[in-house]
**Q** 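Here it is, the structure, as structure tokens.
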Amino acid sequence: MKSDNIQLQQKLTLEIEGMHCASCVKLVERALKKVPGVTKASVNLATNKAYIDSDKEIDINIAKNEVNSVGYAIKDTSRHSENNSEMDQDPSLAEMEKARQKMWLSWGFSLPVAIWMILEMLVSPWPNMYLFNLGILILSVVPIFFPGFATLNTGFKALKNRTANMDTLIALGTTVAFITGPLSLLTDQINNYAGVGAMIMSFHLTGRFVEANARGRASQAIKRLLELGAKTARVLQNGQEIEIQVENLKVNDIMIVKPGEKIPTDGKIIEGQSSIDESMATGESLPVTKKKGDTVIGATVNFNGLLKIKVTKIGEDTFLSQVIKLVEQAQGSRIPIQEFADKVTSVFVPVILMLAIFTFTLWLAFPDKLSQFSAIFSFFLPWTKNIAVISPLSRAIFATIAVLVIACPCALGLATPTALMVASGLGAENGILIRKGEALQTMKDVKAVVLDKTGTITKGKPDVTDVLLAKTAQILSEGSLLQLAASAESGSEHPLARAIVEKAKKDGLSLQKVTAFKAVSGGGIKAEVSGKKIVIGTDKLLQEENVNLKEFDSNKVEQLETEGKTVVHLSIDGVYRGSIALADTIKDDSQQALSELKKMGFSVFMLTGDNLKTARAIAEKVGIYAENVLAKVMPDQKVAKVKELQKKYKVAFVGDGINDAPALTQADVGIAMGTGTDIAIEAGDIILVRGELSLLVSAIRLSKAAYNKIVQNLFWAFFYNIVAIPLAFLGLLHPVIAEAAMASSSITVVTNANLLRRTVIKT
Amino acid sequence: MTPDQIIILLSGTLGIIFTYWFFFAGKDTVLEAAGPKVNIKVDGGYKPSVIKLIKDKPVELSILRSDPSDCLEEIVLPVWNIKKFLPLNKEINIKINPDKKGIFPFHCGMNMFHGKIIVED
């Protein structure tokens, strides 16, 4: 019965409305504690959340009443509400479809306009000047005022708010162009640019449509993450299997997951065994075998076994929700290099408007001088040829429209965020979570990578490395020694004991029954296996037990110990029979990953609490230079060591997110290595979901590639505007060409960011 | 220079000065947050565009976009690492905890529409 009580321990998070001070917190906490079943209630003012522990299911209505009675309110249980808004991130297909229709409708009228105008330019106005002008004007009404209505609306509304954006430029450009249409019917002093306005609008709508598509591609990684989760879960209730919505799952529910199905939420296997495809969550491409007691991640796919899983995390606490949250945070974070671009975009449109007035004024005041200049290029730019024959007013309008529509603040505004979005999505797919965008920029200056040994280079838990048999112990094989040791140790929870048991199991040895088990603190264990008296432990323990140590080979044992191994000894019925050496082993990919890092030009340092000899032995195996080994560093000295190195280099520190948090924060770039499911780590700029060093190499590659993209994009965006705007000012750019250039410019930036997906980051 | 040219240049200069004044010297709509909830309308800009908050009093920004332009579809609050998609005509709530004094700008996804949050004691 006792275990039932434990199972009933529940945790619940509620959102509280109306709190504004610390005393509110106390009031709400007190109110919640009155609810039957609540054992603990703590309220966070900053997040407006109440975290409740209860020993039975609490009645939410009672809780609501209690909280209401003190003047606050509980928002509807909002386990999943946070993510709902993101679901809408996908500009709905209907909206995209509408944008497409607008684009085609606009071209349906602009294309005839274009053909008619080209004929006029090459041959002569058909049927005559007046009808030509009238026809163009009528055809232009549709693209500018119907599909283009939203653009005009936003553009002018922004002006009303004394602010301006891209739409303002297009709105002004097209309206000025359109107005020349009716005026051209009244006076031949003004050329008809209404058709030009129509084409500008069509290009603008096309640009917007293509850009929105490309941006959709850039954010698809996070969309895919959101779509990953299962919608329903099958749970056991009163011995019956029933299907419920994932939102209604509660901690400690028992889920049934059949082969081929998605695991609905994070949990712990309580029955069954299966291989599980975790690639979507951790980027691990091979299926992982999981059995009773192992934790599983929601949204991963159960391959071949029937599993009973106890729910451990729901809603926002799940692995997947955490990943999404981290990716979103990264996308909202700032990169220093962007600051200048930000300053420019924030004043860009008003400055362009001033420049447009400047252009108009100058062309009106000095039409001949400027025309003479642009005529130089008439050989390459046919539209400049007849610029001298049209009226000064028309020339001024021509250049002004070009200036208005060529300026492209969008390219500047999209350069960094799009690249960051693609990078964080690509990272998440591969098990690399970028928490701060800034890390991408800092990474390029990092010269030294410092790795905490335990858990990063090594597995962080001991493995059996050697089995030593006493000289005359022919009665025993290595296997049977291990089998006896494992059997005797099977009752112990000591890491060394577990390593021995694991090794025996791995070798397919069956464990025998153990009796009279006794752990000797700090020494080892004593037990009886199949009637044999077994002692396993330090040499001191064996001496204390008066074991016959005649065959104890202290040379060999010492040798093993200098290699950094821990050696335990075993005696059977009072006679020493052999020793087992254990060591924290190096991860399979550590050596390759570290040599890759060195190839990339980093100085690689290893930091450990081990003594210098042991540390160097490991360093040598993975190819770290002996002088780069920082041994005997106590946990509280790690920060100091990082600081010391920072005097010489920019430093990236790699460690686990919990014990190494201060060092991760101190380093220029902190890279936290997760252990699979725990990524709610607050320290570290980059989080590696899997504990593989090759992932570190991938993360560095990704950072560098992303940063390069950002630089490329910013360069292009600035270069484009710096070159194009003066050309337009000089009357060298036809407004239609100017608009086409501007539309393709922002598309280029987004497409270039999408190309980041092609970067090979895996080793 | 002919008198015509002088008149044109003078009016042009006035036009530029007016534009500068219009965009950079305009008055913002300021709202002092009274309760725990601040409503922001997104329609051709942010209304209000300046929000005064009191330090350490968390607020919920309730943002409603009614402007169909995709220019305004995202709001970014860089200091809080927040970037949110604003679906059309659907209220989005963002909680912030103003834990330091200062002026913190917010803007659209491309940094063309602006607003700021002023945190005071």
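Sequence lines set the chain letters: A, B, ... in the order given, protein chains first and strands last, and positions in each chain run from 1. Fair warning: this is a prediction, and the values are worked out from it, not measured in the lab.
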**Q** Which region of A/L159, side chain (C-beta onward) or backbone (N, CA, C, O), has a non-hydrogen atom less than 4.5 Å from a non-hydrogen atom of chain B, or is it both or neither?
**A**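 Interface part for A/L159: both.
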**Q** Taking it one step at a time, do B/F22 and A/L353 satisfy side chain to side chain contact (heavy atoms under 4.5 Å, CB included)?
**A** CA-CA 11 Å; B/F22 185 81; A/L353 290 176; over 6 Å; no
**Q** Quick check: do B/I8 and A/W363 have side-chain heavy atoms less than 4.5 Å from each other?
**A**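 Not touching, per the 4.5 Å side-chain cut-off.
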**Q** Decide yes or no for B/N81 and A/Q331: does some side-chain heavy atom of the first lie under 4.5 Å from some side-chain heavy atom of the second?
**A**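 Heavy-atom side-chain distance check fails, nothing below 4.5 Å.
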**Q** Among residues 111-120 of chain B, which ones touch chain A with a heavy-atom distance under 4.5 Å?
**A**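 At a heavy-atom separation under 4.5 Å, chain A is reached by B/N111, B/M112, B/F113, B/H114.
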**Q** Give, for atom CG of B/L72 and atom OG1 of A/T154, the distance between the pair rounded to the nearest 0.5 Å.
**A**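 Answer for the CG-OG1 pair, B/L72 versus A/T154, is 7.0 Å.
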**Q** Could you walk me through whether A/D167 and B/C71 pass the side chain to side chain contact (heavy atoms under 4.5 Å, CB included) test, one step at a time?
**A** CA-CA 8 Å; A/D167 286 342; B/C71 284; 3.8 Å; yes
**Q** Hey, which of A/A415, A/P409, A/G437 has the most heavy atom pairs under 4.5 Å with chain B?
**A**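 Of the candidates given, the most pairs with chain B belong to A/P409.
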**Q** Nearest 0.5 Å please: distance from the OG1 atom of B/T19 over to the CG atom of A/L355.
**A**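 Answer for the OG1-CG pair, B/T19 versus A/L355, is 11.0 Å.
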**Q** Which of the residues B/I6, B/I82, B/D67 is involved in the greatest number of heavy-atom pairs with chain A at under 4.5 angstrom?
**A**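 Option with the greatest count: B/D67.
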**Q** Quick check on B/K47: does its NZ atom have over 12 non-hydrogen neighbours (other residues, nucleotides or ligands) under 6.0 Å away?
**A**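 More than 12 within 6.0 Å, yes.
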**Q** One thing to verify: whether B/E74 and A/R215 come together as a salt bridge, which I'm taking to mean a side-chain N less than 4.0 angstrom from a carboxylate O.
**A**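 No, no charged N to carboxylate O under 4.0 Å.
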**Q** Can you list everything that forms a ring pair (Phe, Tyr, Trp, His ring centres under 6.0 Å) with A/F209? Sequence neighbours excluded, please.
**A**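 A/F209 satisfies ring pair (Phe, Tyr, Trp, His ring centres under 6.0 Å) with no residue once adjacent residues are dropped.
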**Q** Between B/I16, B/L88, B/V79, which has the largest tally of heavy atom pairs under 4.5 Å with chain A?
**A**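 Between B/I16, B/L88, B/V79, the count favours B/I16.
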**Q** Can you list the residues that meet the side chain to side chain contact (heavy atoms under 4.5 Å, CB included) rule with B/P3, with sequence neighbours excluded?
**A**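 Partners of B/P3 under the side chain to side chain contact (heavy atoms under 4.5 Å, CB included) test: none.
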**Q** Who among A/T151, A/L412, A/T168, A/V347 has the most heavy-atom pairs with chain B under 4.5 Å?
**A**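 Looking at each of A/T151, A/L412, A/T168, A/V347 in turn, A/V347 comes out on top.
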**Q** So A/L362 and B/L9, do their side chains get closer than 4.5 Å, heavy atoms only?
**A**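 B/L9 vs A/L362: side chains touch.
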**Q** For B/F23, does the six-membered ring have the charged nitrogen or CZ of A/R162 within the cation-pi criterion, i.e. under 6.0 angstrom from the centroid and within 45° of the normal?
**A**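 No; the conditions do not both hold, so A/R162 does not lie above the ring face of B/F23.
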**Q** To the nearest 0.5 angstrom, please state how far the CE atom of A/M166 sits from the SG atom of B/C108.
**A**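 So the gap between those two atoms works out to 11.5 Å.
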**Q** Once you round to the nearest 0.5 Å, how far does CG of A/L364 lie from CD1 of B/I7?
**A**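 Reported to 0.5 Å precision, the distance equals 11.5 Å.
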**Q** Does anything in residues 334-355 of chain A pair up under ring pair (Phe, Tyr, Trp, His ring centres under 6.0 Å), and if so which pairs, sequence neighbours excluded?
**A**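 The answer is A/F340-A/F718.
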**Q** Within the structure provided, determine whether A/P350 and B/Y20 are in side-chain contact (heavy-atom separation under 4.5 Å).
**A**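 Side-chain contact under 4.5 Å: no.
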**Q** So what's closer than 4.5 Å to chain B heavy atoms on A/Q338: side chain, backbone, both or neither?
**A**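 For A/Q338, there is no contact with chain B at all, as no heavy atom is under 4.5 Å.
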**Q** Tell me, side chain or backbone of B/K37 under 4.5 Å from chain A's heavy atoms, or both, or neither?
**A**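 Contact with chain A is absent: no heavy atom of B/K37 under 4.5 Å.
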**Q** Give, as side chain, backbone, both or neither, the part of B/N93 having an atom under 4.5 angstrom from any heavy atom of chain A.
**A**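 The side chain, not the backbone.
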**Q** Would B/M110 and A/L414 count as a side chain to side chain contact (heavy atoms under 4.5 Å, CB included) if you check the C-alpha gap in whole Å, the side-chain angles of each, and the deciding distance to 0.1 Å?
**A** CA-CA 6 Å; B/M110 286 185 206; A/L414 289 169; 3.7 Å; yes
**Q** Are the side chains of A/S346 and B/H107 in touch, meaning some heavy atoms are under 4.5 Å apart?
**A**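 A side-chain contact is absent here, since even the closest heavy-atom pair is not under 4.5 Å.
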**Q** Specify which of A/S333, A/A356, A/P417 makes the most heavy-atom pairs with chain B at under 4.5 Å.
**A**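 It is A/S333.
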**Q** A quick test of your reading: do over 12 heavy atoms of other residues, nucleotides or ligands sit less than 6.0 Å from CZ of A/F358?
**A**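 No, because the 6.0 Å sphere around CZ of A/F358 holds 12 heavy atoms or fewer from other groups.
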**Q** Can you tell which of A/A164, A/A99, A/A150, A/G155 has the highest number of heavy-atom pairs within less than 4.5 Å of chain B?
**A**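 Between A/A164, A/A99, A/A150, A/G155, the count favours A/A164.
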**Q** At what distance, to the nearest 0.5 angstrom, does OG of B/S69 lie from CG of A/N153?
**A**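 The OG atom of B/S69 sits 9.5 Å away from the CG atom of A/N153.
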